[in-house]
Asker: 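Could you have a look at this structure, given as structure tokens, before my questions?
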Amino acid sequence: MYLLLVAPEILITGVSLLGAALVLCIYHIFLYTQYKERVIIAYSIYLFSLAAYIGVYLISNNYYPEDRFAFVYYVKESTSLLTVLGYTYFLFAVLEDWHKKYSLFFRSLQIIMVIMAGYCMFSIAAGLLQLKGNIITTVLPYISRLTLLVMAVMAAFIFFP
């Protein structure tokens with residue numbers, strides 16, 4: 001007999017959001033084939049990363065609720081950051097007219113996005129290699145989130161004076 005570990009409300013909501021994100025992603029990919037605008041593909045990337053995160057979240061909470069060293073938790077960490085990076089890339093594309101005015105900020109943002117993408121690959125590799133140190137599972141996730149928080153605060157002061 002199969003035991004459902006996730007509350008049915010969370011499972012139904014998660015599956016509904018997963019379906020909606022995937023449908024929107026496919027819709028925006030079709031829009032991109034017609035209009036060829038960078039903003040549309042950037043939004044599709046964000047929606048795909050959101051769908052991946054929701055899927056991994058549902059798997060990790062249902063099948064591995066207690067094992068924080070399971071491979072799926074490393075993937076969950078990466079997809080969580082990739083969702084933020086996907087939305088950041090979307091904003092990067094939307095605010096293209098501001099790149100010259102705030103060139104230092106946007107260059108910094110590009111560098112941080114590359115570093116965070118590298119961290120996501122490292123996190124997945126650490127999960128594949130079953131590395132279980134506190135630095136990998138505790139310190140690096142907090143550092144990555146702190147880095148993104150600093151960039152968000154900088155953006156708030158720049159764009160919302």
Side-chain angles (χ1 to χ4, degrees), residues 6 9-64 70-129 136 140-161:
V6 176
E9 307 86 40
I10 293 174
L11 187 62
I12 291 169
T13 304
V15 170
S16 299
L17 288 174
L18 177 63
L22 287 174
V23 168
L24 280 171
C25 181
I26 292 168
Y27 172 73
H28 282 86
I29 288 172
F30 282 125
L31 277 180
Y32 177 74
T33 60
Q34 291 178 344
Y35 297 106
K36 304 287 189 219
E37 291 182 11
R38 180 179 172 199
V39 173
I40 296 172
I41 199 68
Y43 193 63
S44 297
I45 290 170
Y46 162 66
L47 288 170
F48 180 75
S49 63
L50 178 65
Y53 174 70
I54 293 169
V56 170
Y57 176 84
L58 290 173
I59 290 169
S60 67
N61 283 0
N62 196 39
Y63 294 108
Y64 305 95
F71 173 67
V72 74
Y73 276 97
Y74 293 90
V75 175
K76 183 177 158 185
E77 168 70 19
S78 293
T79 55
S80 167
L81 283 176
L82 287 175
T83 301
V84 173
L85 291 177
Y87 193 73
T88 304
Y89 179 67
F90 168 65
L91 289 178
F92 191 82
V94 167
L95 300 174
E96 194 167 5
D97 294 341
W98 294 19
H99 286 212
K100 286 183 182 178
K101 185 175 181 181
Y102 301 107
S103 61
L104 180 62
F105 173 75
F106 283 105
R107 283 190 193 129
S108 302
L109 187 61
Q110 281 180 315
I111 291 168
I112 287 177
M113 286 172 61
V114 168
I115 290 170
M116 290 294 125
Y119 167 70
C120 290
M121 289 187 288
F122 170 76
S123 180
I124 290 173
L128 283 172
L129 298 172
I136 294 170
L140 288 179
Y142 286 126
I143 289 173
S144 67
R145 280 161 177 70
L146 183 63
T147 303
L148 293 174
L149 180 65
V150 167
M151 285 306 294
V153 169
M154 286 174 51
F157 281 112
I158 290 172
F159 299 120
F160 304 111

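Since the model is a prediction, treat every value here as computed from it, not as a measurement.
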Asker: Does any non-hydrogen side-chain atom of Y43 lie less than 4.5 Å from one of V39?
Answerer: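 Sidechains of Y43 and V39: no contact.
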Asker: How close do A42 and A93 get, counting heavy atoms only, and between which atoms?
Answerer: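 Smallest interatomic distance, heavy atoms only, reads CB-CB, 4.0 Å.
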Asker: Tell me, please, whether Y74 has K76 positioned over its six-membered ring: NZ or CZ under 6.0 Å from the ring centre and within 45 degrees of its axis?
Answerer: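 Judged by the rule, K76 and Y74 form no cation-pi pair.
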Asker: Going by the angle between their ring planes, with limits at 30° and 60°, are F159 and F106 parallel, tilted or perpendicular?
Answerer: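 Plane angle between 30° and 60°, so tilted.
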Asker: Determine the minimum heavy-atom distance between L22 and A51, stating which atoms define it.
Answerer: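 In terms of heavy atoms, the two residues are closest at CD2-CB, 3.6 Å.
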Asker: Is there a donor-acceptor contact under 3.5 Å from the side chain of H99 to the main chain of F92?
Answerer: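 Yes; judged by distance alone, with no hydrogens or angles, the pair exists.
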Asker: Around Y57, counting heavy atoms of other residues, nucleotides and ligands shown, do more than 12 lie under 6.0 Å from its OH?
Answerer: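 No.
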Asker: So do the side chains of L140 and F122 get within less than 4.5 Å of each other, counting heavy atoms only?
Answerer: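 The answer is yes; the side chains approach within 4.5 Å.
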Asker: What about the rings of Y87 and F90, do their centers lie closer together than 6.0 Å?
Answerer: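 Yes, the ring of Y87 comes within the 6.0 Å limit of the ring of F90, centre to centre.
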Asker: Measure the spacing between OG1 of T33 and NE2 of H28 and express it to the nearest 0.5 Å.
Answerer: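 Interatomic distance, T33 OG1 to H28 NE2, rounded to 0.5 Å: 12.0 Å.
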Asker: On a heavy-atom basis, which atom in L18 and which in G55 lie closest, and how many Å separate them?
Answerer: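 Shortest heavy-atom contact: CD1-N, 4.1 Å.
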Asker: Report the distance from atom CG of L58 to atom CD1 of I54, rounding to the nearest 0.5 Å.
Answerer: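 Taking CG in L58 and CD1 in I54, the distance rounds to 7.5 Å.
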Asker: Check the pair R145, L81 against side-chain contact (heavy atoms from CB on, under 4.5 Å), reporting the backbone distance first and the verdict last.
Answerer: CA-CA 8 Å; R145 280 161 177 70; L81 283 176; 4.2 Å; yes
Asker: So do the side chains of S144 and E77 get within less than 4.5 Å of each other, counting heavy atoms only?
Answerer: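 Counting from C-beta outward, S144 and E77 do come under 4.5 Å.
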Asker: Identify the heavy atoms of L85 and A117 that sit nearest to each other, and give their distance.
Answerer: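 Heavy atoms of L85 and A117 come nearest at CD1-N, 3.7 Å.
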Asker: Just how far is it from atom CG of L47 to atom OG1 of T83, taken to the nearest 0.5 Å?
Answerer: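 It is 10.0 Å, given to the nearest 0.5 Å.
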Asker: Atom CD1 in I112, atom CG in L148: separation rounded to 0.5 Å?
Answerer: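 One gets 7.5 Å once the value is rounded to the nearest 0.5 Å.
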Asker: Check whether any side-chain heavy atom of R38 sits under 4.5 Å from a side-chain heavy atom of Y32, and report yes or no.
Answerer: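 The answer is no, as the side chains (C-beta and beyond) never meet within the 4.5 Å cut-off.
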Asker: Would you name the heavy atoms of A52 and T79 that are closest together and state the gap between them?
Answerer: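 What the structure gives for the nearest pair is CB-CG2, 4.3 Å.
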Asker: For the residue pair F71 and G127, what are the closest heavy atoms and their distance?
Answerer: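 Closest pair (atom of F71, atom of G127, distance): CD1-C, 3.4 Å.
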Asker: So, does S44 use its side chain to make a donor-acceptor pair with the main chain of I40 at under 3.5 Å?
Answerer: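 At least one qualifying donor-acceptor pair exists.
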Asker: Roughly how far, to the nearest 0.5 Å, is the OH atom of Y89 from the CG atom of L109?
Answerer: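 L109 atom CG to Y89 atom OH measures 12.0 Å (nearest 0.5 Å).
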Asker: If you define the side chain from C-beta out and look only at heavy atoms, does anything of Y102 sit under 4.5 Å from R107?
Answerer: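 The answer is no, as the side chains (C-beta and beyond) never meet within the 4.5 Å cut-off.
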Asker: How long is the straight-line distance from CG of L24 back to OH of Y46, given to the nearest 0.5 Å?
Answerer: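 It is 10.0 Å, given to the nearest 0.5 Å.
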Asker: Is there a donor-acceptor pair under 3.5 Å between the side chain of S60 and the backbone N or O of V72?
Answerer: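 Answer holds: no.
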